[in-house]
Enquirer: 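Before I ask anything, here is the structure I am working with.
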Amino acid sequence: MANGLDDVVAADTVLSDVDGVGGHLTIRGHSLAELAGRWRYTQVVRLLFDGFFDDLPRDAELEKAIGKARLEVFDRVKPLLAQLAPLDIYSGMRAGMAVLPDGDGLADALRLIAAPAVLTPALLRLGRGETPIAPDAKADHAGDMLRMLAGAASPALAKALDSYLVTVCDHGLNASTFATRVVASTQAGLTSAILAGLGALKGPLHGGAPGPVIEMLDAIEASGDATAWLSNEIAHGERIMGFGHRIYRVRDPRADALKAVVRQLGSRNETGSRLAFAETVEQAALDVLRIAKPQRSIQTNVEFYTALLLEAVGFPKEAFSNVFAAGRVAGWVAHAREQQATGRLIRPQSRYVGPVPDLVA
Ligand code: ACO
């Protein structure tokens, strides 16, 4: 049975490599450990885009160009925000991005990079009955996203969010990146391709997991017994959110990168006690999964500590997938361009297993 395209190689890429046995992630020649917490998101955008846009400016100019793109997106979506606000926050963001021009140039790419960072805070504020805050083109991308959310951004929280965006910027041919490449292969514009990625990311088996991680932590805290709660979920055929991965058979390296960022935010404050609690839940989940699924190595994935990090920087759980998209959009655009450059339409075959029509004489 053709089941989930496991082990099928569907693209050559220079953008990223996921080593699921060794537990390593390479982003365009750099290990995740080199990038996370050291490179800024803008620098990683540049790394991913290099060679795909002839007019790519240097880092400082790129930062300014992304700032300008945030303003352009805000001006373009502002008249629509009231209509988008009643939708769930992810659908509102997706609908807002759908009105962006569907071109292939650097300006189109930068608007797409800017859009989740602009739409998410604006829609959250409207949902709380507050007025959206316009972007500051001169601010750094992550800091401005937090400022648009809360009116101000502490440098520590902005750095934590920036590290998150870098950590999730690209990850091989995951479901949303594949969806993006399929649409890009038709030579549709970048907005069309990114909308495909956005659709795929939404599901709980992919980018929709971190919100449910928070619900799980809260439910376990209320129950008072992590092992019993988790065992009961497994007994009812439920999946433990934030664990398991199609490619990794060892711990997802992004989990530790993000956990280190959460730890830096403090050990004695609320974040510190949340982290300590999450670590006990993580260990209980790993023990329960090892016993329940001995045939499969199910380890912590990126979403577990994503949930803690995004909660600590101030996003509500319903917006976590939006923030994931704000990071991953850089990888999507780069993959779309890489796919377009091949000039090859992605068009696999299906095997027909339905009824056979009667032969007409
Ligand atoms: N909890 C409980 N059981 C699990 C889990 C889990 N988190 N993950 C896998 N399993 C079990 C399955 O139930 C199945 O058991 P069975 O053989 O007894 O039926 C076995 O492991 C294999 O499952 P598959 O679905 O074939 O494994 P796959 O490689 O496709 O799973 C996936 C990957 C979808 C991510 C899965 O681990 C999962 O659902 N995890 C929970 C959701 C989650 O955290 N998603 C975020 C992933 S990271 C990302 O996309 C950014």
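Atoms within each ligand, like the ligands themselves, are counted from 1 in listed order.
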Enquirer: Taking side-chain hydrogen bond (donor to acceptor under 3.5 Å, both in side chains) as the test, write out the residues that go with T191, two or more places apart.
Expert: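 T191 satisfies side-chain hydrogen bond (donor to acceptor under 3.5 Å, both in side chains) with no other residue.
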
Enquirer: Enumerate the atoms of ligand 1 whose separation from the nearest heavy atom of G244 is less than 4.0 angstrom.
Expert: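 Near G244, the atoms of ligand 1 are 35 (C), 37 (O).
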
Enquirer: Tell me the protein heavy atom at minimum distance from atom 41 (C) of ligand 1, and give that distance in Å.
Expert: F243 O, 3.4 Å

Enquirer: Give the single entry among L230, L289, I247 that approaches atom 2 (C) of ligand 1 most closely by any heavy atom.
Expert: L289

Enquirer: Dump the intermediate steps for salt bridge (Lys or Arg N to Asp or Glu O under 4.0 Å) on K202 and D88, then the final yes or no.
Expert: CA-CA 11 Å; K202 188 182 184 191; D88 71 78; 3.8 Å; yes

Enquirer: For the pair F243 and F304, evaluate ring pair (Phe, Tyr, Trp, His ring centres under 6.0 Å) and give the outcome as yes or no after the intermediate values.
Expert: CA-CA 7 Å; F243 294 85; F304 192 74; 5.2 Å; yes

Enquirer: Which is it for Q295 and ligand 1 at heavy atoms under 4.0 Å: side chain, backbone, both or neither?
Expert: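 Q295 to ligand 1: side-chain contact only, backbone stays beyond 4.0 Å.
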
Enquirer: Given the rule that I, L, V, M, F, W and Y join up when any side-chain heavy atoms are under 4.5 Å apart, are M97 and V183 in one cluster?
Expert: no

Enquirer: Do ligand 1 and G242 have nitrogen or oxygen atoms that lie under 3.5 Å from each other?
Expert: yes

Enquirer: Just go through N174, V168, I298, N3 and tell me whose heavy atom is the nearest to atom 10 (N) of ligand 1.
Expert: I298

Enquirer: Go through ligand 1 atom by atom and flag the ones less than 4.0 Å from a non-hydrogen atom of I234.
Expert: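 Those qualifying, in numeric order: 2 (C).
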
Enquirer: Pick whichever of R296, R246, R239 has a heavy atom sitting closest to atom 34 (C) of ligand 1.
Expert: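 Among R296, R246, R239, the closest heavy atom to atom 34 (C) of ligand 1 belongs to R239.
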
Enquirer: For Y248, check side-chain hydrogen bond (donor to acceptor under 3.5 Å, both in side chains) against everything at least two apart and list the hits.
Expert: H171

Enquirer: Show the atoms of ligand 1 that are less than 4.0 angstrom away from any heavy atom in F324.
Expert: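 This gives 51 (C) as the contact atoms.
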
Enquirer: Which option out of M241, K293, R328, E233 puts a heavy atom nearest to atom 16 (P) of ligand 1?
Expert: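 Among M241, K293, R328, E233, the closest heavy atom to atom 16 (P) of ligand 1 comes from K293.
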
Enquirer: Test your reading of the structure: does N301 have an N or O sitting under 3.5 Å from an N or O of ligand 1?
Expert: yes

Enquirer: Can the positive tip of R337 be found less than 6.0 Å from the middle of the six-membered ring of F49, inside 45° of the ring normal?
Expert: no

Enquirer: Report the residue from D7, D6, N301 that forms a side-chain hydrogen bond (donor to acceptor under 3.5 Å, both in side chains) with R246.
Expert: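 The passing option is D6.
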
Enquirer: Which of the numbered atoms in ligand 1 are below 4.0 angstrom from a heavy atom of V302?
Expert: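 Near V302, the atoms of ligand 1 are 51 (C).
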
Enquirer: State plainly whether the residues R147 and D144 are in salt-bridge range, i.e. N to O under 4.0 Å.
Expert: yes

Enquirer: In terms of side-chain heavy atoms, does H141 have a donor or acceptor partner in R40 at a distance below 3.5 Å?
Expert: no

Enquirer: Could you tell me whether the side chain of R125 and the main chain of E130 form a donor-acceptor pair under 3.5 Å?
Expert: no

Enquirer: What atoms of ligand 1 come closer than 4.0 angstrom to any heavy atom of P204?
Expert: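 Near P204, the atoms of ligand 1 are 42 (C), 43 (C), 45 (N).
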
Enquirer: Where the closest heavy atom to atom 46 (C) of ligand 1 is concerned, which of E238, H245, H206 has it?
Expert: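 Residue with the shortest heavy-atom distance to the ligand atom: H206.
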
Enquirer: Salt bridge between D75 and K78, side-chain N to carboxylate O under 4.0 Å?
Expert: no

Enquirer: Can you list the atoms of ligand 1 that are under 4.0 Å from a heavy atom of A209?
Expert: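 By the 4.0 Å cutoff, the relevant atoms are 43 (C), 44 (O), 45 (N), 46 (C).
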
Enquirer: Tell me: protein heavy atom nearest atom 1 (N) of ligand 1, and distance?
Expert: I240 N, 2.9 Å

Enquirer: Test of understanding: given a 4.0 Å heavy-atom threshold, classify the contact between A175 and ligand 1 as side chain, backbone, both, or neither.
Expert: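 Under 4.0 Å from ligand 1, A175 contributes no heavy atoms.
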
